[in-house]
Amino acid sequence: MTIDLTDRVDAEPAETTQTATWVAICRLDDLVPERGVAALVRGTQVAVFRLLDDAVYAVQQLDPYSNACVLSRGIVGTRGGAPTVASPMYKQVFDLRDGACLDPMGKEPVDLVPYAVQVTDGVIHLALPPTVAAQPTTDPPTRP
Amino acid sequence: MTTVTRTRDRTPDTTGRKRLVVVGGGMAARRLIDALRARDERDEWAVTLLCEETRAPYDRVALTSYFTGRDPDALALGDQGVWDDPLVTIRRGVAATAVDRHAQTVTTSAGTTLGYDALVLATGSYAAVPPVPGKDLRGAFVYRTIDDVADLRTYVETLRRETDRPLRGAVVGGGLLGLEAAGALQALAVESTVVEFAPRLMPLQVDEGGGEALRRLIEGLGVTVRTSTATAKISGTRGRVARMVFAEGPALPIDVVIFAVGVRPRDELARDCGLPVGERGGVIVDDACATSDPNIWAIGEVANIGGRCLGLVAPAYTMAEIVADRLLGGEGTFPGADLSTKLKLLGVDVASFGDAFATEPGALEVVISDPVGGVYKKLVMSDDARTLRGGILVGDASAYAALRPMVGRPLGGDPAAYLLPEGAAAAPMGDLPDDAAVCSCNNVTAGTIRCAVADKGCTDVAGVKACTLAGTSCGSCVPLVKKLVTTELEKAGVTVSNALCEHFDLSRAELFDVVRVQGLTTFSAIIDRHGRGRGCDICKPVVASILASLDLGHVLAGEQATLQDTNDHVLANLQKDGSYSVVPRIPGGEVTPEGLIAIGQVAQDFGLYTKITGGQRIDLFGARIEQLPAIWSRLINAGFESGHAYGKALRTVKSCVGSTWCRYGVQDSVGLAIALELRYRGLRSPHKIKLGVSGCARECAEARGKDVGVIATDHGWNVYVGGNGGFTPRHAVLLAEDLDTDTLVRTIDRYLMYYVRTADRLQRTAVWQADHEGGLDAIRAVIMDDALGICADLDAAMAVHVDSYEDEWAAVLSDPDTLRRFGSFVNAPDAVDPSLAYVAERGQPRPATPAERQDAGILIAGTTLEVRR
Ligand SMILES: Cc1cc2nc3c(=O)[nH]c(=O)nc-3n(C[C@H](O)[C@H](O)[C@H](O)COP(=O)(O)OP(=O)(O)OC[C@H]3O[C@@H](n4cnc5c(N)ncnc54)[C@H](O)[C@@H]3O)c2cc1C
Ligand code: SF4
């Protein structure tokens, strides 16, 4: 199911090219504009969002405020010019581009880990940081 | 624990302080204690309150609401936390029996003696009973305390069980109290006759024209009125009242009689200890509320101030404030009584203010009398027709709030303009001077309200109420307070913003209207025309709810799916660990054994935690997102449908078992509850909506805690609106009585639809109806008298809702496209979220705590039990 696409890294900015492993996740068409999906990548959960202009962003799926893996289920919108997602649990708002917490709802701001994304031939790819990339590439567990 | 500690603290705490004893736990006493505790910053005084009644001070003014609510606690006054204050001791059911002024002690009915440094007499009045023969028969009542009304109710209800004919009652006295009492008899479904000695009703407050208008309005409500009639005696059979005999004319058969001929001050303690009392009673006090004994004060109805006793709560509160001030070394004096009153008697507005009877020389009267519309309005003006002196309003007192503060000031404009029906023309609002009293109950001036906005940063009516107490007693000044606040905010350059969020400048109600009128059907079209950006978690669900209320398609269809909160998006309730709960609809809480077994089997197969909800249904917890379709296909096969527990929508219609089983039930509450739940299921609204139906006045379904509560009567249904539990519990208020089922349903249709259309985001019905211009009366006019001409439209909208209802879950299961949204992971739709972990507790799963997660040994993995399909 997971395809290693390390051969395409030259298309990416130098910063990520040196360390990242690119992994194909799903087709762009699998996502509805302005909604997110969860992806399971080598045991790590990632929230992936598609916007109206087909830009795709990815951040960690774990909501740091509730410790539940739910951010892909939040409402997508904007704050000023920034594309955002609001946690479905306690409504903190995050910038989808860099994971910055824009509205901590009265708590201490905690930022999210952002993931670089590339869409090639209608397929969404995520750049995995080395720690995640080092996990075994077994298929995600499915229910018996 | 805390209470125990507090009680122990009490004794040491109070030593070394000055001792205040307050006799009489009524409305004046309550205000005194609040004022004193708020201002006594150095905790100089320890207060003991002696209450002859067995309860803490309550709202006597609202006594008649006991017949609609029947809950004495609903009459409680103010914050009950004050009775936990270590410097306040309340002795319920303990009367003061004597005062020894030399020893400075009070003897109580409990046999104890209390020393005092200051003593306040706040003993109020007792209801006078005229010396007519037969006044002591059973079935004769007075109308003053909760015990009085509870006894009256019990008597009537017992009698009703023994008699099959309609019960008849009479009220002696056609003043304020008499009409209140007639209202009580009406609420008890007793035919009533008001007998008044004077030639008109409310002779103290209104003139002949007003009395005539009032009579017509009250007779229109089915109350018989006999003026210029003297009661000669009450005759009885077997010790119970049976007939009322008059000085002239035939006798009146009666089952119950209420004396409401006036009140007399309870000045017996003062008399016995030698304090001077007035000729017609009442403890004589000066304008500081001090008696001739420097350590004794008197406040409220028992005080004889300026040569008379005052039977209204506003002057009682003023006196309480003065004594609190004096006890702390202040110099407050009584400014003279404002005897203005605005009342709602049997639903009829009556207001009387200033020099209502035009007694000042040269006074001119401007009168509008509309016998057909049932309205009588009179303004009394100075001889040059410029200065307002007073007035009387019967039938429509909406101008009262604006007029009363203008007494003694130039009106600025044609006086008649103030008397036109509300909305006909904007009354010319003369600039209210800063010293004009706006709230007479709490003595708050226009200046104080302006200052609360300008200097204290209040930005809305609620803030001003909290800060100044304006509008917190009788509430008649709230419209004026609102006007002042808005004007002041505008002056300060603050635009009063109802904006939904940064994306929309419109409020929810405004947005609802433009969407409906312009026929917009998508979020993109709406935000393009009326907003900016791409929305957020505030405005998107609002638009989704508006589109759903207008029945513009399935909540998960097309772009609408992107607007929904996760609960609405996956039609389940998100729980703290990211799993969901599932609630099948169980209309009216009625479920077959087969249904129960089916739900139990689903819970068992999917490893779900089960709990009965407060809304009489069953909540299944711990469902993973990818399990939801399988769970629902099982539930749907067993005959269940979505319960909309996830939506801002109708939740449940709770019911008691009603007349089908219950010994007391008078109507089929379960049948009605089911019909209502099936009618309104799926209705999207600004906030969740709950209904309740009780089969009789015992109210086992707690319907008055619901947005719409229906209570069966012998003649049909009473409907109450605007109740809720939660953070700020509210009791629903009576909207209409004795409706037949069709009228009831139509009334609820309109109430709900009007709410859905005009309420703000997340505004529950209680707040909506309180904030609605003109309050519940205005809403009643809209939905029952079609005051805005929109009833046909509301009815049609509800018909569309009822006709287009479909079960959302059935729709989801038949649409493969939508079903894809329930995959756990886009790249592994059936994989179990590895972060979920559960432990067993009392035989069921629950989410593991962080500590338990460390200890993997006790974890049940996510509920991956074998599933029977
Ligand atoms: C049905 C009804 C409707 C009303 N409507 C209005 C209205 O619309 N507007 C308005 O302004 N006013 C209204 N009033 C009048 C208003 O309720 C009174 O003016 C107000 O309650 C007076 O307060 P108070 O504290 O002086 O007396 P109360 O509230 O009567 O309190 C006196 C208390 O002292 C207790 N007491 C007496 N003697 C002793 C003793 N020796 N030891 C211990 N306790 C003692 C009594 O039991 C009583 O509880 C209404 C009254 C009634 C009954
Ligand atoms: S409210 Fe009345 S009918 Fe319903 S259960 Fe209670 S007593 Fe019976």
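All chains are named by letter (A, B, ...) in the order of the sequence lines, taking the proteins before the strands, and each is independently numbered beginning at 1.
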## Note on the structure
Okay, B:Arg820 and chain A: the region with an atom under 4.5 Å from a heavy atom over there is side chain
### Query
Given that the side chain runs from C-beta out, which part of A:Leu62 has a heavy atom under 4.5 Å from chain B: side chain, backbone, both or neither?
neither
### Query
Can you find a pair of side-chain heavy atoms, one from A:Asn67 and one from B:Pro850, that are under 4.5 Å apart?
no
### Summary
CZ (A:Arg79) and SG (B:Cys501) are apart, to the nearest 0.5 Å, by 8.0 Å
### Member of B:Glu502, B:His503, B:Arg534 meeting the side chain to side chain donor-acceptor pair (under 3.5 Å) criterion with A:Thr78
B:His503
#### Entry: Non-hydrogen side-chain atoms of A:Val70 and B:Leu574 separated by less than 4.5 Å
yes
### Heavy-atom contact with chain A under 4.5 Å, split by part of B:Ile538
neither
### Query
Any side-chain heavy-atom pair from A:Val76 and B:Thr562 closer than 4.5 angstrom?
no
### Query
Hey, does A:Arg73 have a side-chain heavy atom less than 4.5 Å from the side chain of B:Val570?
no
### Query
Is the count of non-hydrogen atoms from other residues, nucleotides or ligands lying under 6.0 Å from A:Glu108 atom CD greater than 12?
no
### Message
If we define contacts as heavy-atom pairs under 4.5 Å, which of A:Gly77, A:Pro83, A:Gly81 has the most with chain B?
### Response
A:Gly77
### Message
Looking at chain A, which one of B:Ser579, B:Gly535, B:Ser824, B:Cys539 has the largest number of heavy-atom pairs inside 4.5 Å, strictly under?
### Response
B:Gly535
### Task
Counting only heavy atoms closer than 4.5 Å, note whether A:Pro33 contacts chain B via side chain, backbone, both or neither.
backbone
### Query
Could you give the distance from CG (B:Asp537) to OG1 (A:Thr84), rounded to the nearest 0.5 Å?
7.5 Å
### Heavy-atom contact with chain B under 4.5 Å, split by part of A:Arg27
neither
### Task
Could you pull out the closest heavy-atom pair between B:Ser835 and A:Cys69, with the gap in Å?
OG-SG, 3.6 Å
### Task
Please confirm whether the backbone N or O of A:Ile75 pairs with a side-chain atom of B:Asp565, one donor and one acceptor, at under 3.5 Å?
no
### Message
How close do B:Gln575 and A:Met89 get, counting heavy atoms only, and between which atoms?
### Response
O-CE, 3.2 Å
#### Entry: Max heavy-atom pair count under 4.5 Å with chain B, selected residue of A:Ala68, A:Gly74, A:Gly36
A:Ala68
### Message
If you define the side chain from C-beta out and look only at heavy atoms, does anything of B:Pro834 sit under 4.5 Å from A:Leu40?
### Response
yes
### Query
Is the shortest heavy-atom distance from the side chain of A:Arg35 to the side chain of B:Gln564 under 4.5 Å?
yes
### Query
How far does CD of A:Gln61 sit from CZ of B:Phe825, to the nearest 0.5 angstrom?
7.0 Å
